[in-house]
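First the structure, in the form of structure tokens, and then the observations on it.
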Amino acid sequence: MTQLIEFWHQMNQESIVAYYLLRGLSTVAMIVGFIGVFSVWRRGDLAEATRIFREWLRAVEKSAERRRAQRAPRGLLIDLCLPPDRADDVIYNLLSRYDHWVEKHGPRWARVIFFSQSAGSIVTFWTDWLMKRLKLLKTFVSS
Amino acid sequence: MSLIRGKSYMLSKLEELILLAVFRSRADTTAGDVQAALSAALGREQQFGSVFTSLDRLSDKKLVRWKKGEPDARRGGRAPRLYEITAQGRTALDASLRATQVVGGADVDALPWPTIPVLGAP
């Protein structure tokens, strides 16, 4: 929550306007697309309506994918699953390697590697945490 | 195996490589630097999780120490841990590398290092 508030503080006036403008434009595009598909469907040409709907969906998907690929992941999963101090270190290090992965494997694979490394870090951290506790418990039980 | 303050520590191969990477990078090494060095050496992407866990264990054994670095805006405003090898870490690394060479058939007397030192011993 604190990060969200900080994020809003960091955003300047121009970027807020640009954000809402983009949101507005995409909403208008969605409504126009829906009306287009609906009107063709009303005329009875179901095959044409399906084709337009598919193309529209593909365009929306491609645009979303392009937007996703342009920015580095934020590491929300790490923030949720690791203690704050450790999460900071993990995200810093993963982001420092992210550019290298993009250069070597492309944005799509770089994201896959980022998420697999994130998941691996979380699983390893908690496994190690559990093993330490079990070892401690074993010491108490055996003594 | 090296003896440090009367305790014996057997370094795993990964721990040895990590200690070596931290030692070669001198001060202010991040886990990312270590992972990059290991990935380049092994020819495949090393798991970050194992690097973090090994660095934690080395830190518990006081073979490395870390301090908090400055937050970086390009990295999401996060502050990394900066690792540095300790004197005990250096000793353990020397002993481990020496043991590898001795087991590999190297002549003990010809090796440049002295006999395995014991820190904290009189």
Side-chain angles (χ1 to χ4, degrees), chain A residues 2-11 71-79 81-105 109-132 135-136, chain B residues 7 9-12 14-15 17-18 21-22 25 27-84:
Chain A
T2 322
Q3 281 181 351
L4 195 68
I5 293 164
E6 274 175 20
F7 170 72
W8 278 105
H9 280 300
Q10 279 167 9
M11 278 181 84
R71 60 177 176 78
R74 297 216 175 100
L76 182 67
L77 188 69
I78 301 168
D79 267 331
C81 301
L82 288 178
D85 178 45
R86 171 44 67 95
D88 272 5
D89 189 37
V90 172
I91 292 174
Y92 178 95
N93 285 300
L94 288 179
L95 286 178
S96 72
R97 289 289 283 165
Y98 185 73
D99 291 341
H100 167 76
W101 294 329
V102 169
E103 202 177 283
K104 199 175 173 188
H105 305 286
W109 269 109
R111 293 184 78 82
V112 173
I113 295 171
F114 185 93
F115 286 114
S116 73
Q117 292 276 11
S118 308
S121 301
I122 293 165
V123 170
T124 321
F125 176 81
W126 288 113
T127 310
D128 193 52
W129 182 87
L130 192 69
M131 293 306 283
K132 273 181 190 166
K135 205 173 169 185
L136 198 68
Chain B
K7 288 182 185 173
Y9 292 124
M10 177 72 88
L11 290 181
S12 70
L14 183 65
E15 285 176 338
L17 288 174
I18 287 173
V22 173
S25 307
D28 297 352
T29 313
T30 61
D33 297 335
V34 174
Q35 193 268 354
L38 290 183
S39 300
L42 300 174
R44 62 183 163 77
E45 207 61 50
Q46 180 66 34
Q47 273 295 322
F48 261 104
S50 59
V51 174
F52 289 125
T53 310
S54 298
L55 280 169
D56 272 352
R57 285 183 190 155
L58 291 172
S59 183
D60 289 345
K61 292 175 190 172
K62 301 203 181 348
L63 302 182
V64 293
R65 61 171 163 260
W66 62 269
K67 61 177 189 237
K68 203 82 180 158
E70 290 296 313
D72 188 350
R74 286 176 305 155
R75 311 264 183 262
R78 312 294 180 135
R81 286 182 183 183
L82 303 173
Y83 290 91
E84 193 181 7

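Scope of the values below: all heavy atoms of this structure, side chains included, with no hydrogens, waters or symmetry mates. All values derive from a computational prediction rather than experimental measurement.
- Side-chain contact annotation: Gln35(B) with Gln47(B), donor-acceptor N/O pair under 3.5 Å absent.
- Between the Ser59(B) side chain and the Leu55(B) main chain, no donor and acceptor come within less than 3.5 Å of each other.
- With a 4.5 Å cut-off on non-hydrogen atoms, Ser39(B) touches chain A through its side chain but not through its backbone.
- By the neighbour-count criterion of 12 heavy atoms within 6.0 Å, atom CH2 of Trp109(A) is sparsely surrounded, having that number or fewer from other residues, nucleotides or ligands.
- Within the 4.5 angstrom heavy-atom criterion, atoms from both the backbone and the side chain of Val90(A) approach chain B.
- Taking Ser118(A), Ser96(A), Gly75(A), Ser116(A) one by one and counting their heavy-atom pairs under 4.5 Å with chain B, the maximum is reached by Ser96(A).
- One N or O on the side chain of Asn93(A) and one on the backbone of Asp89(A) form a donor-acceptor pair closer than 3.5 Å.
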